[in-house]
Protein chains: 2
Amino acid sequence: MTGHGTRGRSGGRPTLEEVAARAGVGRGTVSRVINGSPRVSEATRAAVEAAVAELGYVPNTAARALAANRTNAIALVVPEPETRFFAEPYFSGMLHGVGAELADTEMQLLLIFAGSARERQRLAQYLAAHRVDGVLLVSVHADDPLPDLLDQLEIPTVISGRRSAEETLPAVEADNFAGARSAVRHLVARGRTTIAHIAGRLEIYGAQCRVDGYRAGLEEAGHAVDEDLIVPGDFTEEGGRRAMTRLLEHHPDLDAVFAASDVMAAGARQALRALNRRIPEDVALIGFDDSAIARHMDPPLTSVRQPIEEMGRAMIDVLLAEIAERRPTGVRGAVHRQVLLPTELVERASS
Amino acid sequence: MTGHGTRGRSGGRPTLEEVAARAGVGRGTVSRVINGSPRVSEATRAAVEAAVAELGYVPNTAARALAANRTNAIALVVPEPETRFFAEPYFSGMLHGVGAELADTEMQLLLIFAGSARERQRLAQYLAAHRVDGVLLVSVHADDPLPDLLDQLEIPTVISGRRSAEETLPAVEADNFAGARSAVRHLVARGRTTIAHIAGRLEIYGAQCRVDGYRAGLEEAGHAVDEDLIVPGDFTEEGGRRAMTRLLEHHPDLDAVFAASDVMAAGARQALRALNRRIPEDVALIGFDDSAIARHMDPPLTSVRQPIEEMGRAMIDVLLAEIAERRPTGVRGAVHRQVLLPTELVERASS
DNA sequence: AGGTACTGTGGGAGCGCTCCCACAAGTGAT
DNA sequence: ATCACTTGTGGGAGCGCTCCCACAGTACCT
């Protein structure tokens, strides 16, 4: 006999009531102990805890959620058409951090995809049903209606990158500006004089910040910013290749390129190869993200690392705080938490 | 007024009861309509559906779960220490499939990490609390106690790769054997004569299957299998490099290598470079997984693609079937579903 | 002495649903 | 006419909790 017989009459899992009976107290008291209320005497608490341990009691989440009108769940919403985002350490790293931070909590993590119209529809249902206490929104675009919906429903939300400088929602992101600037500083320090930038999609605020950082890096070094050296890419490999090709046409003399993503840097590398530029001898190349691509590129790519795991942790921290304060996002004029995390330049052979 | 006033008295979300009142029927009837019971007349059904639409009724999940004693949730358990698994398209692709398949369902997806001892502890609690209707277990090792725990708790489970040929749990995986064989066939067809294999960790059944497939590919072509040409790696880049180096020491004449993963192939490539072997002129190289690394390698790596998204879908299909049949996994002697999905050889410049 | 405050506790009510029994009404065989 | 089903429906009971009110007990003022 291994103690299973200790269970309640029906053989099912023990309930609060049974724990109460066992401990010789009332239901309310057990509930208080379970929920860590301070208004319980030490002796009683000990007795209840003993009963809990003996019976192997585990609270029923559904009953809890129903009675307390909260779900103890948060959703990570992934606008999935962006498979670009989805692959690569970016996503998994963030998840890593999210998971780690959540491990200390009772909260559970729901993964929701909101790619197709149907999925978005379903998500709206989810949210309308208030099936989660909070939402983590990754890679939201400026024109995404989701934040507003969440706002209306008064569901605490954290996004993984501000949509603009005036972002009102709680947000967590890497310091794109400083990261880009550090890349340029590095190139300047290595004696590069004609430094181009392959930018990301500029409707994404983070890409914009990287451009600003690039500018700042040049300016603080006393270099003039040649707008022609800034070419927009679209975060794809093909875009990087095109941008690089164009840059070389107009500026055959350039000796360094800072791309706003590793994937674009990979494209740029192909274009450089095609036109017989050696990396880094002729042209130094730096990417952004420090993804697997960077490590496996030939030559290995210097890249700006984002503390992705930290970002995941920070998102959870902020979200839990928002939930705890029952401060619905978007309360007019409320100042929300926004976290900017430092980046790190990972130097490799490409620069 | 946009119709919000139609809501129930307290301004909260409408309940079953309110829908019933609105439709002029009883609670039970509304419940039947919501759950798609056939025992409702057409007229009544229409009336209820109208009321649901008017009130914007969304069932309360918690209440449902409590009353029906099911959760409408499944968990994807990730044994996270394996960051190797976690990064790369493998995970995200599978998630993709899982999400797509789940979109047709009421089921929600919980992501649970079971890396550290503490996380595993917490997971056990989760499961004990029967907070999910089923579990997806990815990359389980042969000695993992989790499957047994799930078995005891009678929670339907699907794993993402058999632990052995005698696997009793429902499982979904790529046809590792056929995939490996196709790689070898390809090499043989290209006239390669001395084909080595860098194997994965052999305690993983899938890696074992790949070895078998490698053997089969040689044998069917009438080549003898030289056991010396099979070197175990450990799925890491460093392991691939070491294995390759050793192979070249003993078999300087080899003209092809099939690695059991892209990451190991990347390591092998480095070793080949270091010893001045050209790819593919001197040595053809093939990997497994068709990951981003393969596409970005120089030269691009021929690789065996696993239909990862399909695998995700299949896992959900099987799991939902298991749940529907309320067939607890591990019923003695029961034949469980096992799905083997076809692989595809993606030919690139490395072979 | 009588207030006025706590602190700790028990237990009723109720969260929103599903399950199931009861029952009305219809159908067809006896 | 009676019985035996079937079909559709209403609503009670109850899932396991949290919330909150009531109340006993103790402490510290007036």
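Both backbone and side-chain heavy atoms feed into the values below; hydrogens, waters and symmetry mates do not. Lettering of chains follows the sequences in order, A, B, ..., and the numbering in each one begins at 1.
- The CG atom of A:N72 sits 18 Å away from the P atom of D:dG16 (whole-angstrom rounding).
- Separating the CE atom in A:M94 from the CD atom in A:E310 is a distance of 11.5 Å, to the nearest 0.5 Å.
- Under the side-chain contact (heavy atoms from CB on, under 4.5 Å) test applied with A:I74, the options A:I155, A:L110, A:I316 reduce to a single match, A:I316.
- Whole-Å rounding puts the B:N60 CG to C:dG16 C1' distance at 6 Å.
- Closest to the A:S31 side chain, of the nucleotides C:dG16, D:dT18, C:dC17, is D:dT18.
- Going from atom CZ of B:R64 over to atom P of D:dG16 covers 19 Å, rounded to whole Å.
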>> I need a per-nucleotide contact map over nucleotides 8-13 of chain D, read 5' to 3'. Cutoff is protein heavy atoms under 4.0 Å; write B for the base, S for backbone only, - otherwise.
In response: SBBBBB

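- Between the side chains of A:R131 and B:T61, at least one donor-acceptor pair of N or O atoms lies under 3.5 Å.
- In this entry the distance linking CD of B:E17 with P of C:dG14 reads 13 Å, nearest Å.
- A salt bridge does not link B:E167 to B:R162: none of the charged nitrogens lies less than 4.0 Å from a carboxylate oxygen.
- Taking side-chain N and O atoms only, A:N35 has a distance below 4.0 Å to OP1 or OP2 of D:dT18.
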Which donor-acceptor pairs under 3.5 Å do side chains of residues 142-150 of chain A form with protein atoms, sequence neighbours excluded?
unit_1	atom_1	unit_2	atom_2	d
A:D144	OD1	A:R120	NH2	2.6
A:D144	OD1	A:L146	N	2.7
A:D144	OD2	A:R120	NH2	2.9

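- Look at CD1 on A:I34: it is 12 Å from C1' on D:dT18, rounded to the nearest Å.
- Residues satisfying the side chain to side chain donor-acceptor pair (under 3.5 Å) test with B:S41, not counting sequence neighbours, are B:T44.
- With sequence neighbours left out, the side chain to side chain contact (heavy atoms under 4.5 Å, CB included) criterion links B:A23 to B:V25, B:V48, B:A51.
- For B:L16 and C:dC15, the CG to C1' distance is 13 Å, given to the nearest whole Å.
- Ionic pairing of B:D104 and A:R118 is present here: one or more N-O contacts between side-chain nitrogen and carboxylate oxygen are shorter than 4.0 angstrom.
- Take A:E106 and apply the salt bridge (charged side-chain N to carboxylate O under 4.0 Å, His left out) test, not counting sequence neighbours, and it matches A:R64.
- The OH atom of A:Y57 sits 3 Å away from the P atom of D:dC17 (whole-angstrom rounding).
- Closest to the side chain of A:A67, out of C:dC15, C:dG16, C:dT18, is C:dC15.
- If you measure from atom CG of B:N69 to atom C1' of D:dG16, you get 11 Å, rounded to the nearest angstrom.
- Axis angle between the ends of the helix from C:dG3-D:dC28 to C:dT30-D:dA1, five pairs each and rounded to 10 degrees, works out to 50°.
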